[in-house]
2 protein chains.
Amino acid sequence: MGEQLFITGDGGLRDLWREAFPSARGARPADKLDERETGLVWLLVPPGKAAARLVAPIRRRIGSRPLIILADEPGEEDALAALGAGASGYCNAHAASEVLLQVATVVENGGLWVGQRLLQRLLAGTARLAPPPVAEGGAWSVSLTEREREVAIAVAQGASNKEIARQLDITERTIKAHVGAILEKLGVRDRLQLSLIVNGIEVGR
Amino acid sequence: MGEQLFITGDGGLRDLWREAFPSARGARPADKLDERETGLVWLLVPPGKAAARLVAPIRRRIGSRPLIILADEPGEEDALAALGAGASGYCNAHAASEVLLQVATVVENGGLWVGQRLLQRLLAGTARLAPPPVAEGGAWSVSLTEREREVAIAVAQGASNKEIARQLDITERTIKAHVGAILEKLGVRDRLQLSLIVNGIEVGR
DNA sequence: CCGCCTACTGTACTGAAGTACAACCCGGAT
DNA sequence: ATCCGGGTTGTACTTCAGTACAGTAGGCGG
């Protein structure tokens with residue numbers, strides 16, 4: 001992993017960033033940059049600021065070094081604008097250190113860090129709502145054991161018995177047992193109806 | 001680096017690919033896939049073929065494994081369509097082995113391999129984002145015929161094929177035909193995943 | 001110690017879902 | 001006249017989901 005340079009308003013580094021990149025350095029937007037460095041450049045965009053506006057001036061000064069936007073308040077429009085302005089990645093400024101490492105890996109290898117959802121939206125010209133959460137702890141879960149809850153959620157997300165078995169590292173047979181018990185307790189016919197209940201979509205039966 | 005699976009017309013591997021991934025395996029499109037494998041899947045798209053058409057059927061069988069398109073005759077339109085259909089990367093089938101390794105690294109870390117030029121074009125062309133989500137007539141419905149839409153909605157509400165058949169007053173066999181066509185068009189595995197999409201839940205991938 | 005519950009697994013079966021291959025009808029476009 | 005796409009249906013097949021019946025094992029309260 002190359003050198004990481006973080007550009008923030010005051011040149012300070014956040015703990016999460018240090019955690020991901022112990023050797024990271026900080027700089028202020030106006031600071032002179034070392035021409036010889038080659039690593040990634042991260043740019044913090046404070047709340048209320050448009051990332052794209054900040055990108056252009058920085059880009060001119062860093063040359064070909066990849067630029068990644070760290071947004072305090074990420075937005076899809078903002079991300080688009082920033083990528084259009086030449087950024088190589090756009091992610092939440094509060095992202096976990098593992099995520100930052102991933103982003104760095106991707107960008108260092110010449111990739112772009114673009115969320116799948118964002119790309120889909122671009123391509124399709126149609127958008128989808130943020131994932132309506134799987135209602136954890138909804139009414140449906142009260143009669144289920146902990147293990148059954150796990151299975152129910154996996155089923156509701158579209159996983160097959162075999163996939164759930166791998167995920168929980170037990171046999172498919174046991175998953176069937178759990179699913180059977182869940183259907184019984186909730187009084188539904190099959191896994192699809194179970195998924196509707198877990199996802200909070202009450203449809204007449 | 002995880003296992004690499006190359007899907008080609010004849011299941012053969014090219015030298016360049018072997019060079020990049022000595023342990024790579026080849027398979028034909030119709031071959032059964034080992035459920036336990038988890039690495040990347042590469043799909044060779046021969047000249048004259050539309051990548052997007054080939055993506056959907058493969059995607060359904062590989063579940064959440066990232067899919068990368070290897071195009072013998074790359075085209076930007078084709079790339080867009082493929083990425084829209086759920087591919088995680090699109091590159092020249094004759095790319096050097098170092099490039100392939102980079103692509104693999106990027107995708108394995110959850111990135112998308114999109115050329116900078118391609119993204120620029122995307123942003124230039126579709127400058128505006130589609131309006132926020134929609135409850136009715138979502139993106140899923142655009143590629144479906146009227147009859148297929150009816151069936152998709154019924155499926156999404158938890159109806160069985162037999163019930164839908166009664167409801168539309170046609171045979172269960174025809175419902176199966178429609179459901180099959182819908183799954184194919186939307187690139188999903190089964191009716192539960194279809195219901196997630198229709199209900200705007202979009203979890204996997 | 002003894003039920004009782006939870007988790008887990010096995011064999012075997014039924015039925016639903018989905019696929020493969022094929023065919024027919026009809027209306028609109030070439 | 002011909003081609004094509006949508007809708008419809010058929011037979012036959014494979015795979016998956018779910019159920020029936022049965023059994024092992026650990027924890028916990030009476």
Side-chain angles (χ1 to χ4, degrees), chain A residues 141-198 205, chain B residues 28-36 50 53-54 56-64 140-198 204:
Chain A
S141 69
V142 297
S143 62
L144 305 185
T145 68
E146 191 51 40
R147 202 54 156 170
E148 286 165 353
R149 255 187 292 277
E150 291 183 79
V151 173
I153 290 174
V155 167
Q157 293 177 342
S160 70
N161 288 340
K162 193 177 294 189
E163 287 169 345
I164 303 173
R166 260 202 302 278
Q167 183 182 319
L168 300 185
D169 199 31
I170 53 182
T171 67
E172 184 179 351
R173 176 63 190 83
T174 306
I175 302 302
K176 285 187 176 184
H178 287 314
V179 171
I182 295 167
L183 298 182
E184 173 75 27
K185 286 182 178 178
L186 299 186
V188 291
R189 184 177 57 191
D190 54 36
R191 62 203 295 114
L192 201 156
Q193 298 192 337
L194 165 62
S195 100
L196 294 180
I197 287 185
V198 172
R205 256 181 291 128
Chain B
R28 277 165 303 185
D31 284 353
K32 272 192 60 168
L33 300 177
D34 186 336
E35 295 285 346
R36 289 180 304 270
R53 287 296 168 84
L54 302 180
I58 301 284
R59 266 228 71 76
R60 301 172 53 188
R61 311 211 344 262
I62 61 178
S64 60
W140 57 272
S141 67
V142 298
S143 62
L144 305 186
T145 67
E146 192 51 41
R147 202 55 156 169
E148 286 166 352
R149 254 188 291 279
E150 291 183 79
V151 173
I153 291 173
V155 167
Q157 293 177 343
S160 69
N161 287 341
K162 193 175 295 187
E163 287 168 344
I164 303 173
R166 263 200 300 276
Q167 183 183 319
L168 299 185
D169 198 31
I170 51 182
T171 68
E172 183 179 351
R173 176 61 189 86
T174 306
I175 302 301
K176 285 188 176 184
H178 287 314
V179 172
I182 295 167
L183 298 182
E184 174 76 24
K185 286 184 178 177
L186 299 187
V188 291
R189 187 177 51 192
D190 55 37
R191 60 201 298 117
L192 202 157
Q193 298 192 336
L194 166 61
S195 100
L196 294 181
I197 287 184
V198 171

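Order of the sequence lines fixes the chain letters, A, B, ..., with proteins taken first and strands second; residue numbering starts at 1 for each chain.
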Item to check | Side chain proximity check, B/Leu168 to B/Val151, heavy atoms < 4.5 angstrom | outcome: yes
Next on the checklist: Using a heavy-atom cut-off of 4.0 Å across all strands, would you classify B/Thr174 as base, sugar-phosphate, or nothing?
Outcome noted: base
Item to check | Nearest-Å distance for atom pair CD/P, residues A/Gln193 and D/dG18 | outcome: 10 Å
Checklist entry - What integer distance in Å separates B/Glu163:CD from C/dG15:C1'? => result 14 Å
Report each atom pair, protein N/O against N/O of nucleotides 3-5 of chain D, whose distance is under 3.5 angstrom.
none

Checklist entry - Are any of the side-chain heavy atoms of B/Val179 and B/Lys176 separated by less than 4.5 Å? => result no
Checklist entry - CD1 of A/Ile175 versus P of C/dG10: gap in Å, rounded? => result 12 Å
Item to check | Minimum side-chain heavy-atom gap A/Ile175-A/Val155 below 4.5 Å | outcome: no
Next on the checklist: Need the bend value for the helix from C/dC1-D/dG30 to C/dT30-D/dA1: angle between end axes, 5 pairs each end, nearest 10°.
Outcome noted: 30°
Checklist outcome for this item: Closest of C/dT9, C/dA7, D/dT8 to the A/Ile170 side chain is C/dT9
Next on the checklist: Tell me which pairs pass salt bridge (Lys or Arg N to Asp or Glu O under 4.0 Å) where either residue lies in residues 149-174 of chain B, with sequence neighbours left out.
Outcome noted: A/Arg189-B/Glu163, B/Glu146-B/Arg149, B/Arg147-B/Glu150
Checklist entry - Atom CD1 of B/Ile164 and atom P of D/dG7: how far apart are they, to the nearest Å? => result 15 Å
Next on the checklist: When you measure from the side-chain N and O atoms of B/His178 to the phosphate of D/dT8, is any distance below 4.0 Å, counting only OP1 and OP2?
Outcome noted: yes
Checklist entry - Which pair of non-hydrogen atoms, one from A/Leu192 and one from B/Ala156, has the smallest distance, and what is that distance? => result CD2-O, 4.3 Å
Checklist entry - What is the minimum heavy-atom distance between A/Ala152 and A/Leu144, and which atoms define it? => result CB-CD1, 4.2 Å
Item to check | Side chains of B/Ile182 and B/Leu186 in contact at under 4.5 Å (non-hydrogen atoms) | outcome: yes
Checklist outcome for this item: Atom CG of A/Leu144 and atom P of C/dC5 are separated, to the nearest Å, by 16 Å
Item to check | CA sep, side-chain torsions, deciding dist, call: B/Val188, B/Leu196, side chain to side chain contact (heavy atoms under 4.5 Å, CB included) | outcome: CA-CA 10 Å; B/Val188 291; B/Leu196 294 181; over 6 Å; no
Next on the checklist: Tell me whether B/Glu148 contacts the main-chain N or O of B/Thr145 through its side chain, where contact means a donor paired with an acceptor under 3.5 Å.
Outcome noted: yes
Item to check | By side chain to side chain donor-acceptor pair (under 3.5 Å) - contacts of B/Ser160 (at least two apart) | outcome: none
Checklist entry - Which residues pass the side chain to side chain donor-acceptor pair (under 3.5 Å) test with B/Asn161, sequence neighbours left out? => result B/Arg191
Checklist entry - Can you tell me if the side-chain N/O atoms of B/Thr171 get under 4.0 Å from OP1 or OP2 in D/dT9? => result yes
Item to check | Contact pattern, 5' to 3', of nucleotides 17-30 of chain C - B, S or - by protein heavy atom under 4.0 Å | outcome: BBSBB---------
